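Structure, as structure tokens:
Please read these numbers as outputs of a predicted model, since none were measured by experiment. Here is the naming used below: chain letters follow the sequence lines, and residue numbers restart at 1 for every chain. For the numbers below, each heavy atom of this structure counts, side chains included, while hydrogens, waters and symmetry mates do not.
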Amino acid sequence: LGYPETKDEL
Amino acid sequence: MNIFRLIGDMSHLLAIILLLLKMWKTRSCAGISGKSQILFALVFASRYLDLFTSFVSVYNSVMKIFFISTSLLTVYLMYFKFRATYDSNHDTFRVEFLVIPVGGLAFLVNHEFSPLEILWTFSIYLESVAILPQLFMMSKTGEAETITSHYLFALGSYRALYILNWVYRYYFEGFFDLIAVVAGCVQTILYCDFFYLYITKVLKGKRITLPA
């Protein structure tokens with residue numbers, strides 16, 4: 001689990 | 001991309017288009033909180049700075065550019081073109097009581113202490129409460145036009161659908177972003193009272209009116 005470096009959500 | 005996320009994004013898009021169409025057709029921004037609209041413009045401007053640093057997809061970039069430009073257009077229409085119709089006497093929520101604490105929180109609770117990440121966090125926290133001036137305005141005037149109600153319903157549904165998207169992504173992709181999830185839940189909860197009024201009144205053909 002982690003947060004993505006590149007955020008794909010708006 | 002899953003179905004909840006896609007419908008959520010489309011709902012967000014629909015909300016913005018509904019608001020712009022309402023203003024353009026009636027040549028008026030009566031009943032709309034300019035303060036909420038300025039906060040939304042600030043949300044998009046601080047969140048989508050990554051347009052310049054990373055590319056995700058054409059969909060992603062087009063939507064970001066659309067959100068930034070339409071939010072600025074909305075603010076322009078309210079404060080310049082249709083300023084005479086802006087109901088500033090009822091738009092009296094003190095936005096500094098939102099922006100300052102949210103800014104402080106973004107500095108303290110974030111994924112990474114870097115400028116872009118802090119701005120992203122700030123925008124997520126700010127979005128969760130940005131509708132409060134609009135809800136405050138409606139409680140002061142005690143009413144909302146039907147088209148304004150449709151706008152708010154679409155805008156609120158978007159984050160509720162994102163919650164379903166996060167549940168889906170947690171189970172099927174192992175994705176979990178605590179900051180986005182907590183803020184998204186707060187945001188959705190703020191709309192619950194409005195959702196209740198929308199379902200019990202607007203969907204039955206009545207306007208939203210609140211007791212004085």
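Screening Lys64(B), Arg169(B), Arg5(B) for a salt bridge (charged side-chain N to carboxylate O under 4.0 Å, His left out) with Glu9(A), the sole residue that qualifies is Arg169(B).
Using a 4.5 Å cut-off between heavy atoms, Phe44(B) makes no contact with chain A at all. In this structure, chain A has heavy atoms under 4.5 Å from both the backbone and the side chain of Asn60(B).
Within a 6.0 Å radius of CZ in Phe107(B), other residues, nucleotides and ligands contribute 12 heavy atoms or fewer. Dense packing is recorded around CZ of Arg27(B), with more than 12 heavy atoms of other residues, nucleotides or ligands lying under 6.0 Å away.
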Would you check, one step at a time, whether the test side-chain contact (heavy atoms from CB on, under 4.5 Å) holds for Leu10(A) with Arg47(B)?
-> CA-CA 9 Å; Leu10(A) 295 164; Arg47(B) 185 177 308 171; 5.9 Å; no
